[in-house]
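Reading through the structure tokens given below for one structure.
Residue numbering restarts at 1 for every chain, and letters A, B, ... go by the order of the sequence lines.
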2 protein chains.
Amino acid sequence: MRTGRYHHGDLRAALLERAEQTLREQGVDALSLRELARALDVSHAAPSRHFRDRRALLDALALTGIQRLTTAGRAGLARSGDGFPERVFAFARAYVDFAAAHAALLELAFARKHDAAVADELELAWQPLKADLQAVIAHGQREGRIRAGNADRIGAVLFTAVHGVATQAAGGQLTGPALDQVFDDLLTHLLRGLAPSAGDEPLTEPAAPAC
Amino acid sequence: MRTGRYHHGDLRAALLERAEQTLREQGVDALSLRELARALDVSHAAPSRHFRDRRALLDALALTGIQRLTTAGRAGLARSGDGFPERVFAFARAYVDFAAAHAALLELAFARKHDAAVADELELAWQPLKADLQAVIAHGQREGRIRAGNADRIGAVLFTAVHGVATQAAGGQLTGPALDQVFDDLLTHLLRGLAPSAGDEPLTEPAAPAC
DNA sequence: ACCTGAACACCGTTCAAGT
DNA sequence: ACCTGAACACCGTTCAAGT
């Protein structure tokens, strides 16, 4: 039922919002421009004013996904205490939980981009989250819990490990207690390996003095 | 141009083979049953004899993807020597290389399944690869390079870490030297954390005797 | 500027009918 | 058993035309 007026103060924003809902509830394949237009009571050709094609809409969604994930990571840090491994766990957990709750959205964020310009834009969008991760690592280094060295390399290692958990959570391969255990085991062992001097419990005890 | 005869000794196999090619060259979105039928010179309704719907074809492809990946992992092990960290690296590298070369196929293998029966079937298909990984870990434990303990848990940790590298390689977020470095750093630090007693170079030197 | 409506070339899926 | 051909209900995309 068309209302008659052109209407829609901001069709672009409305399309994105509705698309995100469909994505969450029914997945990418169920996302159609025509269905979106119908839901917003607008002609099927109207979306093309705001998104060149379906892919452009998906790319825009990917961008919001990265931004939301960044926000979720910060919220996780804000909820956590000041301790060292605690902050790493809080940050990582926020990532994994977001991935499980917004699987399709994150999948879009990580999909291979055909357009180089889009790939660059998304790469840029990751920077704030990566900066947050750097800060967490620098904190661990100051506390003597992470070995000195190139923080970018250490950041890439942590990011990749957590991403491995997150993608499996998103795909449903890892759920419930199994997910929790892998998450804990992976981070614990990796941090142990990243510690400056690894005794038996380097994550909860200061390194024993050399004998 | 239809030939006239029903033809095609094994249309199902022909469909899968052609689909895999299209997937590799043009991605999932470009994969259409009608196009496949056209390429095989068969009516557009013929594929439905062998695959209930498009999703069923995609599920079948996912299955072959897991099998191919398993084969690639074994080939990696076969090429490697007998040393301990060497075998882990060889196995993991085969996984990552396969992911980079067959991104779309592996994506299908890890996509969330709507059908529980399919999810179970794919879960089963992973078992041979996971068994191979268990063997590599058991080897490391015998050599005193990996701490004793539940091999399933340790396997899940290693799998997840490597999967994190693989998905980023598949998505094009990690390529070239950056990929190699993250791969090396992650495995090195994780194995260090998994070692029974971690000195400064636990991966290349036997653990120093306790003082 | 922003949207409509018609048009075009594609889909997936189903089903009676052919061999 | 296996396939065809027509039919149906959907798509994405384009473009002249409207306000």
Exercise for the section: Report the residue (R49(A) or F51(B)) whose heavy-atom-nearest nucleotide on DNA chain C is the more 5′ of the two. Expected result: R49(A)

Handout entry: Side chain to side chain, W126(A) and L133(A), heavy atoms closer than 4.5 Å
Key = no

Exercise for the section: Please name the pair of heavy atoms, one in A19(A) and one in L61(A), separated by the smallest distance, quoted to 0.1 Å. Expected result: CB-CD1, 3.9 Å

Completion exercise
In whole angstroms, the gap separating C1' of dG12(D) from CZ of R55(A) amounts to 13 Å

Practice task
In whole angstrom, give the distance that lies between atom CZ of R12(A) and atom P of dC2(C).
Solution key: 12 Å

Problem - Protein-nucleotide distance (D10(B), atom CG; dC3(D), atom C1'), rounded to Å - result: 15 Å

Practice task
Grab the CG-P distance between L36(B) and dC3(D) for me, whole Å please.
Solution key: 14 Å

Exercise for the section: Could you walk me through whether D82(A) and H139(A) pass side chain to side chain contact (heavy atoms under 4.5 Å, CB included), step by step? Expected result: CA-CA 10 Å; D82(A) 285 347; H139(A) 175 236; 5.6 Å; no

Problem - Integer-rounded Å distance: dT13(C) P and D53(B) CG - result: 5 Å

Fill in the blank from the handout: Quick note, side chain to side chain donor-acceptor pair (under 3.5 Å) partners involving residues 88-108 of chain A, not counting sequence neighbours, are R93(A)-D97(A), R93(A)-D180(A), Y95(A)-H163(A)

Indicate every side-chain donor-acceptor pair of residues 108-118 of chain B with a distance under 3.5 Å to a residue at least two apart or in another chain.
| unit_1 | atom_1 | unit_2 | atom_2 | d |
| --- | --- | --- | --- | --- |
| R112(B) | NH1 | A170(A) | O | 2.4 |
| K113(B) | NZ | L108(B) | O | 2.9 |
| D115(B) | OD1 | A117(B) | N | 2.9 |

Practice task
Would you indicate, yes or no, if dC3(D) has its OP1 or OP2 atom less than 4.0 angstrom from a side-chain nitrogen or oxygen of H44(B)?
Solution key: no

Fill in the blank from the handout: note: R52(A), atom CZ; dC15(D), atom C1'; distance rounded to Å ~ 17 Å

Fill in the blank from the handout: Contacts of E35(A) meeting salt bridge (charged side-chain N to carboxylate O under 4.0 Å, His left out) (sequence neighbours excluded), chain-then-number -> R38(A)

Practice task
Decide yes or no on side chain to side chain contact (heavy atoms under 4.5 Å, CB included) for F98(B) and L105(B), but give the supporting numbers first.
Solution key: CA-CA 10 Å; F98(B) 185 90; L105(B) 191 59; 4.3 Å; yes

Practice task
Kindly express the pairing pattern of DNA chain D in dot-bracket notation, using | wherever a base pairs with another strand and counting only Watson-Crick or G-U pairs under 3.5 Å.
Solution key: ||.|||||...|||||.||

Practice task
Give a yes or no on whether the backbone of R12(A) and the side-chain of R49(A) come within a donor-acceptor separation of less than 3.5 Å.
Solution key: no

Handout entry: Test salt bridge (charged side-chain N to carboxylate O under 4.0 Å, His left out) applied to R74(A) - qualifying residues, sequence neighbours left out
Key = D132(A)

Just the table, please: protein N/O against nucleotides 8-11 of chain C N/O, every pair under 3.5 Å.
| unit_1 | atom_1 | unit_2 | atom_2 | d |
| --- | --- | --- | --- | --- |
| dC11(C) | OP2 | R38(B) | NH2 | 2.6 |
| dC11(C) | O5' | S32(B) | OG | 3.4 |

